[in-house]
> 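What follows is a structure written as C-alpha cells; I'll ask about it next.
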Amino acid sequence: MDTTLFQPIPGMADLAAPEVLLWQRLEEQARRIMPLYGFTEIRTPALEYTPVFTRALGETTDVVQKEMYTLADRGGRSLTLRPEGTAGVIRYAAGQGAAADGARLYYVGPMFRCERPQAGRKRQFHQLGVEALGEPNPAADVEVIALQQHLFQSWGLRDFTIDVNTRGLPDDRPAVAQGLAAAVRPQLDALCADCRRRFDTNILRLLDCKQESCRQVIAALPDMATFMSAPARAYLDEVVRLLAQLHLPARVNPRLVRGLDYYIHTVWEIRHPALGAQDALSGGGRYRITQGEKNFDGVGFAAGLERAVMAVQHDQPGWLAAIQPDAPVSLVALGAAARDANLQLAQELRQRGCACGLDLGDRSLKAQMRAANRAGSAWAVIRGERELAAGAAALKDLRDGQQTELKLEDVVAKLIAATGPTRVAPAPG
RNA sequence: GUGGAUGUAGCUCAGUUUGGCAGAGCACCAGGUUGUGGCCCUGGCCGUCGCGGGUUCAAAUCCCGUCAUCCACCCCA
C-alpha cells in the first residue's frame with residue numbers, strides 16, 4: 001500500500017460516516033438557533049486578498065506571521081486562505097456601507113492555518129461563528145455569550161466553562177503593558193525562558209503561561225483592568241451585571257488573554273475539560289476593525305467544530321451510535337425478474353418517503369437476509385417467482401420474525417404508514 | 001520551528017526485549033437450510049510487517065536514513 005497516495009495533506013482530514021452525521025446534527029441545531037437571535041447566514045470566499053487578514057488581525061500576530069497559507073495568483077497578487085472568519089465578514093460588511101450597520105451574520109466553514117497538528121488542531125479546521133455589528137454595547141456582548149451557551153446546550157454539552165475578561169480600549173494598552181511590566185520586572189528571574197522572552201515581545205502572554213513557577217508569580221500580579229481607564233472598567237462591570245441577570249455561569253478571569261489585535265473591551269473563552277491541551281471550544285469578543293478610513297465595530301465568536309465534536313462525544317457517549325441512518329425496509333429478490341420488480345418498488349417507496357435498500361446483484365436469499373439484518377431493517381419484503389405471479393409479496397417483521405403474504409399494494413400501504421415521512425428522528429440528549 | 005511516542009490484514013492490536021515458517025480477535029464471503037436474518041459450528045479471503053539502504057546463513061525484530069501519524073511545547077477555535 002502506498003502510504004501517501006491515498007492520504008490527504010497533513011493536518012487535513014476526510015470526514016465521512018458515521019462521524020459526519022454528528023457534524024450534520026450540530027449544524028442543524030445551529031441553523032435552528034441562529035435565527036432565534038436574529039442571525040442569518042453569510043458565505044464568504046475561502047480565499048481573500050492577503051491584506052484582508054494582515055490588517056484585521058494585526059501584522060505582528062502569530063497567525064499572520066507564521067500560520068497563514070499565502071500564495072500568489074497569476075497576476076502576482078498575494079492571496080491567503082482564510083485563517084479565521086471575522087476578517088472576511090467585515091470585508092463584506094464594509095462593502096455594504098450603511099446597510100451593514102446592525103447586521104447579524106453567522107458562518108460555518110473551513111479555515112486554514114499551517115501549524116503543527118495535534119489533538120484539537122488541524123490545518124484545515126471548521127468554525128461556526130457569528131458577527132453582530134454595531135457600536136460597543138455590553139448588552140450585545142452578553143447576548144452573544146448567551147447564544148453560545150444556548151447552542152452548546154443544544155449540542156448536549158455539559159462540562160464547559162465560560163471565562164470573561166476585558167481587553168480595554170486601544171488607548172489603555174500602553175498603560176496595561178507598562179503596569180504589568182513594572183509589576184513583573186522584580187521577579188523576572190523566577191520566570192521560565194519563554195516568559196522572559198514574552199516580557200519583551202508580548203507581555204500579556206505571560207499571564208496564561210502553563211509553567212508552575214510562572215503561575216505563582218502571575219497569581220500575585222494585579223489585574224489588567226486596574227491599569228485601564230474608568231470607561232473600560234465600567235464596561236466590564238456592566239457586562240458582569242448583565243451576565244448575572246441572565247444567570248449565565250460565566251466568571252471573570254483576569255488572566256484570560258486573547259491574541260488577535262482587533263479585540264477591544266469584552267473577550268471570552270469557553271473551555272471544555274475533555275479536549276486536551278487545546279481546550280478552547282470557542283473564543284470571542286468585541287472588536288474594532290479598520291477598513292479603508294472607517295472603523296467597524298462588532299462582537300462575535302468562533303467555535304471550533306472539530307473540538308465541539310470531540311466534546312460532544314465525551315459528554316454524550318451514546319449519541320454517535322444513536323444517529324445511524326436507518327434503512328427500515330430491505331427488498332429481497334429471488335431471481336432477475338424479482339430484482340427488476342424490486343428496483344421499481346424501491347423507487348415508489350422512496351418517492352413516498354420510505355427509505356429502503358435492495359441487493360443489486362444476484363446474491364443468495366440467505367445473503368440478502370443477512371444484509372437486511374445488518375442494515376438494521378425492521379422489515380423485509382421478499383419476492384420470487386411465486387409472489388410475482390400472484391401480484392403479492394411476503395412481508396417479514398425482522399424484529400419478531402413474523403411473516404405474512406399480502407397483496408403488493410397492501411405491503412406498500414403498510415410500509416408507508418409505518419415508516420413514512422412523518423417519522424421524526426429522536427431528539428438529542 | 002522544538003521535543004516525545006507510534007507505524008504489522010479492511011479495523012483493533014499481539015509478536016520486536018533475546019534475529020529463526022506472518023499471528024489473534026473483529027469484519028467480510030461461503031457452507032451447515034431446494035426460498036429466510038440474528039445465536040452457534042465449519043471452512044475461506046485478506047500482508048511490500050510505512051518506505052529505502054545496511055549487518056547477517058537468516059531481519060517485522062539489530063543499525064542508518066526517510067516518510068507518515070499521534071501527543072506535547074508554541075499558538076489558537
Side-chain angles (χ1 to χ4, degrees), chain A residues 1-13 57 61-68 82-86 108-129 148 192-195 197-198 201-202 205 208-211 256-260 267-272 275-285 300-311 330 332-335 338 361 363-387 394-403 405:
Chain A
M1 191 193 328
D2 192 298
T3 52
T4 56
L5 198 56
F6 302 117
Q7 256 172 357
I9 292 170
M12 306 198 177
L57 308 190
T61 57
D62 276 18
V63 170
V64 166
Q65 289 204 327
K66 314 194 289 204
E67 299 170 7
M68 296 201 307
R82 59 181 181 190
E84 56 94 61
T86 300
V108 188
M111 308 293 163
F112 304 84
R113 292 184 198 177
C114 193
E115 303 174 86
R116 196 74 162 251
Q118 71 183 76
R121 193 168 73 185
K122 294 282 190 205
R123 288 181 173 177
Q124 175 176 325
F125 60 105
H126 298 77
Q127 285 187 338
L128 166 64
Q148 281 165 99
C192 70
D194 277 336
C195 282
R197 175 180 56 79
R198 290 174 180 125
T201 60
N202 188 355
R205 273 284 159 213
D208 60 0
C209 182
K210 293 172 181 172
Q211 300 284 327
L256 174 67
V257 179
R258 294 190 51 74
L260 305 180
V267 292
W268 65 85
E269 217 162 88
I270 300 185
R271 298 198 180 89
H272 194 283
L275 291 181
Q278 311 299 320
D279 63 352
L281 208 47
S282 77
F301 73 86
L305 290 178
E306 281 82 359
R307 295 182 189 178
V309 167
M310 281 195 282
S330 286
V332 173
L334 271 159
R363 299 206 302 159
S364 72
L365 176 59
K366 180 173 183 162
Q368 292 182 58
M369 290 301 293
R370 196 161 48 233
N373 187 62
R374 197 165 39 237
S377 292
W379 304 93
V381 178
I382 304 162
R383 290 200 290 177
E385 299 295 336
R386 288 203 313 260
E387 290 82 0
L395 180 63
K396 181 166 186 171
D397 185 329
L398 292 174
R399 291 160 300 194
D400 63 13
Q402 293 294 309
Q403 180 170 330
E405 185 157 332

> When you check every protein heavy atom under 4.0 Å of nucleotides 38-43 of chain B, what one-letter string (B, S, -) results, 5' to 3'?
B-----
> Using side chain to side chain contact (heavy atoms under 4.5 Å, CB included) as the criterion, list what pairs up with A/Ala280, not counting sequence neighbours.
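So A/Ala280 forms a side chain to side chain contact (heavy atoms under 4.5 Å, CB included) with A/Glu269, A/Arg307.
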> Just the rounded figure in Å: distance from P of B/G37 to CD of A/Gln368.
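Value for this atom pair: 12 Å.
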> If you look at every heavy atom in A/Trp268 and A/Leu256, which pair is closest and at what distance?
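Heavy-atom minimum between the residues: CA-CD2, 3.7 Å.
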> For A/Ser377, enumerate each residue passing the side chain to side chain contact (heavy atoms under 4.5 Å, CB included) test, keeping only those at least two apart in sequence or located in another chain.
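A/Ser377 satisfies side chain to side chain contact (heavy atoms under 4.5 Å, CB included) with A/Ser330, A/Ala375, A/Leu398 only.
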> Pick base, sugar-phosphate or nothing for A/Gly129, based on heavy-atom distances below 4.0 Å to the nucleic acid.
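No contact at all - A/Gly129 keeps every heavy atom at 4.0 Å or more from the nucleic acid.
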> With respect to the side chain of A/Arg113, which nucleotide from B/G35, B/A77, B/C73 is positioned closest?
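Closest nucleotide to the A/Arg113 side chain: B/A77.
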> Quick one: is B/U36 close enough that its OP1 or OP2 comes under 4.0 Å of any side-chain N or O from A/Gln403?
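Result: no.
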> Can you name the side chain to side chain contact (heavy atoms under 4.5 Å, CB included) partners of A/Arg123, sequence neighbours left out?
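If we apply the side chain to side chain contact (heavy atoms under 4.5 Å, CB included) test to A/Arg123, skipping adjacent residues, the hits are A/Pro10, A/Met12, A/Tyr69, A/Cys114, A/Pro117.
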> Could you tell me whether A/Ala367 contacts a base, only the sugar-phosphate backbone, or nothing, with contacts defined as non-hydrogen atoms closer than 4.0 Å?
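Since only primed, P, OP1 and OP2 atoms lie under 4.0 Å of A/Ala367, the category is sugar-phosphate.
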> When you get a sec, tell me which of B/C73, B/C75, B/C70 is the closest nucleotide to the side chain of A/Arg198?
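Closest nucleotide to the A/Arg198 side chain: B/C75.
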> Taking side-chain hydrogen bond (donor to acceptor under 3.5 Å, both in side chains) as the test, write out the residues that go with A/Lys366, two or more places apart.
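Result, side-chain hydrogen bond (donor to acceptor under 3.5 Å, both in side chains) vs A/Lys366: none returned.
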> Is A/Arg271 close enough to B/A77 that one of its side-chain N or O atoms is under 4.0 Å from OP1 or OP2 there?
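So the side chain of A/Arg271 is outside the cut-off, no N or O lying under 4.0 Å from OP1 or OP2 of B/A77.
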> A/Gln211 CD to B/C73 C1': how many Å, rounded?
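Checked: the CD to C1' distance equals 9 Å.
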> Under the side-chain hydrogen bond (donor to acceptor under 3.5 Å, both in side chains) rule, collect the residues that match up with A/Glu306, sequence neighbours excluded.
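With neighbours one apart ignored, the set is A/His126.
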> By nearest nucleotide on RNA chain B, pick out whichever of A/Ile270 and A/Ala394 is the more 5' one.
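In this pair, the answer is A/Ala394.
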> If you compare every side-chain N and O of A/Arg363 against the phosphate oxygens of B/C29 (OP1, OP2), does one of them come in below 4.0 Å?
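Checking A/Arg363 against B/C29: at least one side-chain N or O falls below 4.0 Å of OP1 or OP2.
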